[in-house]
Amino acid sequence: MQKIFSNKYTNQKDIVEKNFFNLVSDFSKHNQKEIETTSIAIVQNAIDYKIGSQFGKLIHEFSLSSNEGIVLMCLAEALLRIPDAKTINDLIEDKIPIGDWKKYIKNDKDLFVNISSIAFLLTGKIVEEKENEHKNILGKIVKNLSEPLLRNAIKQAVNILAKQFVFEKDIEKAIKFSDEKKHEKYTFSFDMLGEAAVTYEDSERYYKQYENAILTTGQSKNPEKKSISIKLSSLHPRYERNKLDLLKKELYPKVFKLVELGRQNKVDICFDAEEADRLNLSLFIFKEIIESNLIDETYSGFGFAVQAYQKRAFFVLEWLNQYLESKNKKINIRLVKGAYWDTEIKIAQEQGFNDYPVFTKKFVTDISYLACAHKLLENNNVYSQFATHNAHSIAYIKTLFKHKDFEFQKLHGMGDEIYSHLEKEDGFKCRVYAPVGGYQDLLPYLVRRLLENGANTSFIHQLKSKNSDIKKLIQSPLDKIEKLNFDKIKKPADIYEDRKNSSGLDLSEEDIINQLKFENNFSGNAFSIIDGQDIKTSNENNIISPFDLTILGKKYYAEEQTVDIAIKKLKENSNTWKKVPIEKKIEIFLNFANLIEENINHIIQICAKESGKSIKNSIAEIREAIDFCRYYSKEANIIFKEKILKGPTGEMNKYKIIGKGLSLVISPWNFPIAIFVGQTVAALITGNVVLTKPAEQSSFAAYYLIKLLLKAGLPKEAIALVLGDGALIANKVIQDKKLKNVIFTGSLDTAKIIQSNLQKKENIPTFIAETGGLNCMIVDSSALPEHVVKDVVSSGFDSAGQRCSACRILCVEENIYEKIKDILIGAMKTQNMGDPEKLSTDIGPVIDADAQANINDHIKKFTKFFQNENISSNGYFVPPTLIEIEKLSDLKNEIFGPVVHITKYKASELEKLIDEINDLGFGLTLGIHSRIDKTVNLIVSKVEVGNIYINRNMIGAVVGVQPFGGYEKSGTGPKAGGPEYLKRLCYEQSISNNTAAMGGNASLLSEVED
Ligand SMILES: Cc1cc2nc3c(=O)[nH]c(=O)nc-3n(C[C@H](O)[C@H](O)[C@H](O)COP(=O)(O)OP(=O)(O)OC[C@H]3O[C@@H](n4cnc5c(N)ncnc54)[C@H](O)[C@@H]3O)c2cc1C
């Protein structure tokens, strides 16, 4: 079992060469003729197929690489769920004129027919292109048509589209329909439409649907011809590896009950395959089912889907062979290629995983599918179900399984032309995956299908493309084997051309979870460090865990003379550090990044213990620190290159930048690693000597990091870590005449004090301040509520809301206000507070008693609020809280905790809302959830904030990718992790040398021709 948990990132080439190649090529060689003949027959039949699946037509007419295809996807995804006329109009107007729709229009007289036919027009009468028709005729029609008529026509069109892919609206109708004579050659697997549950209410509703579906199917005419597909993520709102214990309590009993119902009613059940990080979870549940008595010789109808694009599919099946044999149990396996490829690639890049859990070449997925089929063939305890629409895959399987019982599976509304050829053969077995539900629930499903089958690499797309070439269509994936060594998709570590991406930890992996070992008796002391020496003072304080108030160790705060010594030492050594070549400096900070990476476990524990950060948040911030080191190293390498500037002859003009000297860094407790490292490294790499003062609450993290930095090779004279009271230390340093830079992240009030102290000085040191924000998220009614809620939960409550970027005010269009509020309250109930060192903890404590009291005082001022239950703990916990407010101006200051305020606005008053956001006077982050480009563009053009996030959460800015920082009361800029940051910390210098002064312009004289 362990082996299958550790194959997620195996090298693609290794898997192909060691496991797949011989297996598939031997069989292909011996059966080439038969596979080829079958493939040709399938493809030829599909090309000649008269009726054609509606899906095929859709793909044929609206390629996803065309504007029309994209518009179609946008409309299909959003239109049916929008409740208000204005937003529907805006969406239609926004999307329709983009496409060159004229080619789908027969004439512009019959409006309804036109719009219907354009839209997706799956009535089987899609029309030929006509020459000389008006360009963009639909755009004109849209303008001239009365709005209600247009809305209805387009809604109708999207409904027509939906109808092609929903089998029936409810299970009763679905059963009746599947029993009709025209379907007699097929069996069915009913898929109860719906996405992953976001709330417990959702999961209960889905559970009831599955229960009803099994019971109703069991009582139908031929229950053995029908089965039910189950998405486990719809049965629990937290179907995640970190919630395993909770799932055992809350999800397992439900799943067992459904399997038991299946057994009692003789209905087959299949778990759909979902994202790669859920494979282990489904295997855990699967094992529990096998070990129980749910499955015996009377019932072998239970099964699950395996995705061949996952690198470990083959190994899962290999393990399954022995496992089922040893348990003497029989199950079904549906072999698919996999439907979430784009998502898997994105997640692995974002999270900095070692590699991808899926293959990165389409032909490797195809070979894997065949290799997996060989594994299934060996297994006498498995009934194999092959879900594919690819002619070559089908022909191969058909040949391989000639002497064994098995079935094919296809999606309702797709693949009709592919299977119509095989339909005629004796013994043909094919199950239709039949989505059952309302059209509204269909849309996310439909979009996934469109993406997966409309992509250029997809078989269905190629079959339907206008110049489909039979030879190419039936080509064996082995023919492309020489391309194995060339990969367009770079490994997650290499996605940035000029620097390494920081590595993350995949917390869905058992090996990684097992390696995440924390010390039982964590303790340590923190000191200031001057000239490489720990400074023990008499100002001794406890390091206290905000989680349970245990004393972790002692921290020794600096006394006045400690600060004086630190300043003196730094000034004495300023020139020495300045003169260290930039290459050497870069080497030190890259070493530092590597050391942080090597010590990630220990640093996670420091974050969790000292700052109450969850494991997930700690990893993210450690990665950010590493990214800062690498990004600033790369930037420094660029900006520190001396430039020769062109000018008149006889002159040498140079431009260079140089470090300034003494710099003060004041960093906050909420990002004790990332911001501390980012600011300190930026100041150092630009040649400045640095007095770095971390927040008192995160003294230990800072002490540990400076030790690492010295170990990485930083000369001890270049840095002083000074722990203790901010006012005392900052005031002393600011008074020093040689102070050149102050880099500060913290509260607005403190920033203003520093600013006014700096103003009293004779010289004008550079002041970079990053402060907070009253950050808003604007949600219009075209947004997907479940998606919005997920993003609000992470943006508002993650890190107990202690991020400057956090969402503080959620502004929702009035028509979806109640819906979003209800789902959000439901989702908040799925968040748990607890020990930050536990993987299952979502939200840790706030930083200290003062913070807790301030946040609670704020909440008490309101009457309309929802709050999660508090935990019984002596730690500094504040439960996630949602407060209803009338208007934005009800809030004046940032509330630095897990508190989101919610308010409604009218669609017609969006501009007024933007003005109100600007009037708040902060300008840090803004979230937008809308499917309408016009709305997004309007907001982006008017709002005055530094970081805007569209249709995603609004936290977690990535260094060098989303440079971070705001305006007005939110900070001075330049943006941290952006291209302007380092330059602000340096002097520029121009050197102009009259080279003709000594000996005349000899070079000019010798260069000219005679
Ligand atoms: C009845 C049925 C049930 C299904 N159930 C599930 C399910 O439970 N879970 C699920 O995830 N999917 C499921 N699918 C979808 C399935 O995974 C495929 O996405 C879909 O069938 C297309 O595969 P194909 O063999 O028909 O097409 P093909 O076009 O031959 O193959 C498409 C496959 O190649 C992959 N691919 C594309 N580009 C690359 C690349 N560069 N590198 C590597 N791979 C690439 C795609 O992601 C996709 O998996 C089901 C499909 C059917 C027919």
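We count ligands from 1, going down the list as the structure has it; atoms in each ligand are counted the same way.
- Distances from atom 13 (C) of ligand 1 to the heavy atoms of Val364, Ile418, Val336, Thr343 put Val336 nearest.
- At a cut-off of 3.5 Å, with distance as the only test, no side-chain donor of Asn265 or Thr217 sits close to an acceptor on the other residue.
- Applying the 4.0 Å criterion to heavy atoms of Asp272 picks out, from ligand 1, the atoms 8 (O).
- A donor and an acceptor atom, one from each side chain of Lys226 and Ser178, are nowhere located under 3.5 Å apart.
- The contact set between ligand 1 and Ala387, taken as ligand atoms under 4.0 Å from a residue heavy atom, comprises 1 (C), 2 (C), 3 (C), 52 (C), 53 (C).
- With sequence neighbours excluded, no residue satisfies salt bridge (charged side-chain N to carboxylate O under 4.0 Å, His left out) with Glu423.
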Full working for salt bridge (charged side-chain N to carboxylate O under 4.0 Å, His left out) between Asp179 and Lys225: CA-CA 9 Å; Asp179 282 338; Lys225 287 185 74 178; over 6 Å; no
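- For the ligand labelled ligand 1, residue Ser393 lies outside the 4.0 Å heavy-atom shell.
- Side chains of Tyr369 and Asn390: no donor on one and acceptor on the other come within 3.5 Å.
- Applying the 4.0 Å criterion to heavy atoms of Tyr433 picks out, from ligand 1, the atoms 1 (C), 3 (C).
- Here is the list of ligand 1 atoms found below 4.0 Å of a heavy atom in Tyr309: 47 (O), 49 (O).
- Where the criterion is an N or O separation shorter than 3.5 Å, residue side chain and backbone included, Leu411 fails it with respect to ligand 1.
- At a 4.0 Å heavy-atom cut-off, ligand 1 touches Ala273 through backbone and side chain alike.
- Considering each of Ile230, Asp366, Asp487, Thr388, the one bringing a non-hydrogen atom nearest atom 24 (P) of ligand 1 is Thr388.
- Arg334 counts as a contact of ligand 1, since one of its heavy atoms falls under 4.0 Å from the ligand.
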Please output the side-chain donor-acceptor pairs of residues 351-363 that fall under 3.5 Å, not counting sequence neighbours, one pair per line with the distance.
unit_1 : atom_1 : unit_2 : atom_2 : d
Asp355 : OD1    : Lys311 : NZ     : 3.4
Asp355 : OD2    : Lys311 : NZ     : 3.4
Tyr356 : OH     : Gln349 : NE2    : 2.9
Tyr356 : OH     : Lys490 : O      : 2.5
Thr360 : OG1    : Gln12  : OE1    : 3.3
Thr360 : OG1    : Gln12  : NE2    : 3.3
Thr360 : OG1    : Asp487 : OD1    : 3.2
Thr360 : OG1    : Asp487 : OD2    : 2.6
Lys361 : NZ     : Phe486 : O      : 2.6
Lys362 : NZ     : Asp366 : OD1    : 3.0
Lys362 : NZ     : Asp366 : OD2    : 2.8

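- With Glu425 as the partner, the salt bridge (Lys or Arg N to Asp or Glu O under 4.0 Å) test is satisfied by one option alone out of Lys398, Lys402, Lys185: Lys398.
- For the residue pair Ser393 and Lys337, a side-chain donor N or O sits within less than 3.5 Å of a side-chain acceptor on the partner.
- Of the inter-residue distances, the one linking Asn22 atom CG with Glu17 atom CD reads 10.0 Å to the nearest 0.5 angstrom.
- Shown in contact with Tyr340 at under 4.0 Å from a heavy atom are these atoms of ligand 1, numbered in order with element: 11 (O).
- Residue-level proximity to ligand 1 for Lys410 is carried by the backbone, the only part with a heavy atom below 4.0 angstrom.
- Atoms of ligand 1 found under 4.0 Å from any heavy atom of Phe359 (numbered from 1 in listed order, with element): 42 (N), 43 (C).
- The distance from atom CG of Leu279 to atom CD of Glu274, rounded to the nearest 0.5 Å, is 11.0 Å.
- When Thr365, Leu335, Ile489 are ranked by how near their heavy atoms come to atom 44 (N) of ligand 1, first place goes to Thr365.
- Residue-level proximity to ligand 1 for Lys361 is carried by the backbone, the only part with a heavy atom below 4.0 angstrom.
- Listed by number with element, the atoms of ligand 1 under 4.0 angstrom from any heavy atom of Asn390 are 25 (O), 26 (O), 30 (O).
- An N or O contact shorter than 3.5 Å is missing between Gln409 and ligand 1 by distance.
- For a threshold of 3.5 Å applied to N or O pairs, the pair formed by Glu274 and ligand 1 contains no separation below that value.
- In the vicinity of Gln307, heavy-atom distances shorter than 4.0 Å reach the ligand 1 atoms 10 (C), 11 (O).
- The minimum heavy-atom distance linking Gly218 with Pro223 is given by the pair O-CG, 3.8 Å.
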